[in-house]
Protein chains: 2
Amino acid sequence: MMRADAQRNRARVLEAAEVVLTRDGLDASMREIAEVAGVGVGTIYRQFPTKETLYQAIVLDRMRRLADRADELATADDPGTAFFTYFTAVVEDSTVKKVLVDALASVGIDAKAGAPDIRGAIEVLLVRAQATGAVRGDVEMEVLLALLSATCLAAQHNTWDEELRTRTLAVVFDGLRPAHAPSE
Amino acid sequence: MMRADAQRNRARVLEAAEVVLTRDGLDASMREIAEVAGVGVGTIYRQFPTKETLYQAIVLDRMRRLADRADELATADDPGTAFFTYFTAVVEDSTVKKVLVDALASVGIDAKAGAPDIRGAIEVLLVRAQATGAVRGDVEMEVLLALLSATCLAAQHNTWDEELRTRTLAVVFDGLRPAHAPSE
DNA sequence: GTCGAACCGGAACGATCATTCCGATTCTAG
DNA sequence: CTAGAATCGGAATGATCGTTCCGGTTCGAC
């Protein structure tokens with residue numbers, strides 16, 4: 001059983017790490033995280049043996065939320081809308097969250113053990129949207145992830161404003177739709 | 001007039017910097033560049049007062065080539081093909097070249113003084129392609145740059161193979177084409 | 001060929017970072 | 001309440017980085 005103060009500090013560290021890593025990405029220093037959390041650096045290292053461990057804890061948490069969001073939308077009435085809503089939501093998030101982007105970018109390559117199955121969750125959205133003809137049938141998961149990763153990376157790197165995001169995604173979405181069913 | 005050995009070393013440094021920065025991005029250390037160039041670090045600093053100066057020299061050179069390439073294609077017989085060829089070529093390059101990506105990503109924001117006018121060069125390709133109906137008329141430069149930057153970033157970050165690149169770009173290109181003119 | 005100026009290499013400096021370590025403090029079982 | 005174990009904070013460590021500095025070397029005008 002963990003001591004009460006240790007447990008409270010662990011929560012503080014996670015909270016601070018989320019804020020700082022989200023703002024500064026992997027460049028954030030442990031000193032700053034410790035400062036924001038109001039603890040010493042040693043305290044962080046007792047819970048997370050290395051910077052990468054802490055980083056992964058945050059990323060895994062975000063991945064979990066991402067997967068949950070996808071699961072929610074998997075049962076929506078209109079799979080087409082659900083699909084595009086999800087895509088938009090993920091990109092919107094990544095405008096602000098640097099860590100999330102790195103998480104997304106790595107999904108395509110290695111789905112680490114223990115990680116929530118975002119890939120699977122997104123695939124459900126894709127297949128359902130394809131079944132109703134909202135998305136072209138020949139779009140593969142690899143391609144979808146590439147597009148999602150691309151838009152997230154750019155949105156975060158260049159901090160797109162809302163209008164640019166909407167317009168840019170409109171083009172991508174048109175590319176994803178069957179040729180005979182343009183945006184409107 | 002610069003001494004002969006100084007001039008030769010300057011060339012060596014630029015060559016080495018291109019190789020190393022291209023491979024490792026901004027994280028590359030001056031020590032390594034010096035080592036690859038076969039000179040001491042001091043020699044680099046005599047020509048380029050700061051790391052950023054050296055970095056910018058490389059980036060500007062790349063931007064120049066990018067702009068030149070666009071200018072070349074600006075007089076092509078088929079503007080539509082020229083446009084999509086250029087887009088593909090840029091993304092292809094960025095699979096390997098990290099610096100190029102950062103250059104691209106910053107074009108949208110601040111066109112620094114002295115920088116070649118890539119934006120203008122690309123705009124020519126866009127307008128010409130739109131005039132022949134190969135690209136939708138309502139696609140703005142901002143959106144195009146966002147898409148270009150997005151695909152470059154993702155291609156570099158995840159090292160797309162050729163097939164994934166082709167398939168992904170096919171979707172984006174379909175989104176850029178008028179609704180009544182699907183891929184083929 | 002000579003000699004001063006320009007240039008060279010790489011050691012040295014100061015800053016920053018991840019990580020370790022330890023004396024002081026705080027928690028909790030009994 | 002108390003003892004001792006777990007935890008704490010933050011100074012110390014060692015590595016790496018960008019940048020500066022300087023004794024030695026090389027170039028080239030005369």
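First the proteins, then the strands, lettered A, B, ... as listed; each starts at 1. What's counted below: heavy atoms across the whole structure, side chains too, no hydrogens, waters or symmetry copies.
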Residue B:Arg165 excluded, over 12 heavy atoms near CZ under 6.0 Å: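 For B:Arg165, atom CZ is crowded (more than 12 foreign heavy atoms under 6.0 Å).
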query: Does atom CZ of B:Arg128 have more than 12 heavy-atom neighbours from other groups under 6.0 Å away?
result: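 More than 12 heavy atoms, drawn from other residues, nucleotides or ligands, come within 6.0 Å of this atom.
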query: So A:Phe173 and A:Phe84, would you call those rings parallel, tilted or perpendicular, with 30° and 60° as cut-offs?
result: tilted
Salt-bridge contact [X]-[Y] (side-chain N to carboxylate O under 4.0 Å):
X: B:Asp61; Y: B:Arg65; result: yes
X: B:Arg23; Y: B:Glu18; result: no
X: B:Glu142; Y: B:Arg119; result: yes

When the distance from [atom1] of [X] to [atom2] of [N] is rounded to whole Å, what number comes out?
X: B:Gln47; N: C:dA6; atom1: CD; atom2: P; answer: 14 Å
X: B:Leu26; N: D:dC17; atom1: CG; atom2: P; answer: 14 Å
X: B:Ile44; N: D:dC21; atom1: CD1; atom2: P; answer: 18 Å
X: A:Arg46; N: C:dT26; atom1: CZ; atom2: C1'; answer: 12 Å
X: B:Tyr45; N: D:dT20; atom1: OH; atom2: P; answer: 7 Å

message: Tell me every residue that passes salt bridge (charged side-chain N to carboxylate O under 4.0 Å, His left out) with A:Glu163, counting only those two or more places apart in sequence or in another chain.
response: A:Arg167
message: Please pick, from D:dC17, C:dC8, C:dC22, the nucleotide with the shortest atom-to-atom distance to any side-chain atom of B:Lys51.
response: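 The answer is D:dC17, which lies nearest to the side chain.
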message: Among residues 1-11 of chain B, which ones have heavy-atom contacts with DNA chain C below 4.0 Å?
response: B:Arg3, B:Asp5, B:Ala6, B:Asn9
task: Indicate yes or no: at least one non-hydrogen side-chain atom of B:Leu144 is less than 4.5 angstrom from one of B:Glu140.
output: no
query: Which of residues 29-39 of chain A sit near DNA chain D, with a heavy atom under 4.0 Å from it?
result: A:Arg31, A:Gly38, A:Val39
- prompt: Does OP1 or OP2 of C:dA18 have a side-chain N or O of A:Thr50 closer than 4.0 Å?
  reply: no
